[in-house]
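A quick write-up on the structure given underneath.
Computed from a predicted model, the values in this text were never measured in an experiment.
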Amino acid sequence: MKNKVISINDYGKVRITLKNVMDKQKISRNALARAINARFEVIDKWYNGNVEKIDADVLARICFVLECAPADIIHYEPTNNID
């Protein structure tokens, strides 16, 4: 096993970039929330990148409505100091 979790800053970060996809498609948070049958607060967290736990069902519904892939919304950014 090459990589191991040492501290919270050593293994990188997952970034949610739903805002970029929504802005490109000119869809509002309210419209997306209605389209995927979710509360506005859920979409607002995704839109602002404040998702604590990724709900696969919500992600699937977002991707279905926006006709995109999860990789268009979720990005892993590794740190450079992993041994």
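- Contacts of R15 classified as side-chain hydrogen bond (donor to acceptor under 3.5 Å, both in side chains), with partners at least two apart in sequence or in another chain: E77.
- Not counting sequence neighbours, the partners of A35 by the side-chain contact (heavy atoms from CB on, under 4.5 Å) test are V65.
- Listed by chain and residue number, R61 satisfy the side-chain hydrogen bond (donor to acceptor under 3.5 Å, both in side chains) test with D57 (two or more places apart in sequence, or in another chain).
- Annotation: the span from I73 atom CD1 to M22 atom CE amounts to 9.5 Å, rounded to 0.5 Å.
- In this structure the side chain of I62 reaches within 4.5 angstrom of the side chain of I43, judged on heavy atoms.
- The hydrophobic cluster containing F40 does not contain L66, counting ILVMFWY residues as joined when their side-chain heavy atoms lie under 4.5 angstrom apart, directly or transitively.
- For residues 64-75, the pairs satisfying side chain to side chain donor-acceptor pair (under 3.5 Å) are T17-H75, with sequence neighbours left out.
- Counting all heavy atoms, side chain and backbone alike, P70 lies closest to C63 at N-SG, 3.5 Å.
- Contacts of K19 classified as side-chain contact (heavy atoms from CB on, under 4.5 Å), with partners at least two apart in sequence or in another chain: D23, Y47.
- Residues passing the side-chain hydrogen bond (donor to acceptor under 3.5 Å, both in side chains) test with N48, sequence neighbours excluded: D44.
- Between I36 and F64, the closest side-chain pair of non-hydrogen atoms is not below 4.5 Å.
- For S28, there are no side-chain hydrogen bond (donor to acceptor under 3.5 Å, both in side chains) partners, not counting sequence neighbours.
- In this view, E52 satisfies the salt bridge (charged side-chain N to carboxylate O under 4.0 Å, His left out) rule with no residue, not counting sequence neighbours.
- For the pair L32/L18, a side-chain contact is recorded, criterion being any heavy-atom separation below 4.5 Å from C-beta on.
- In this structure, the separation between NZ on K45 and CZ on R39 is 8.0 Å, given to the nearest 0.5 Å.
- Between W46 and V58, the shortest heavy-atom distance links the atoms NE1-CG1, 3.7 Å.
- A 6.0 Å sphere centred on CG of N37 holds no more than 12 heavy atoms belonging to other residues, nucleotides or ligands.
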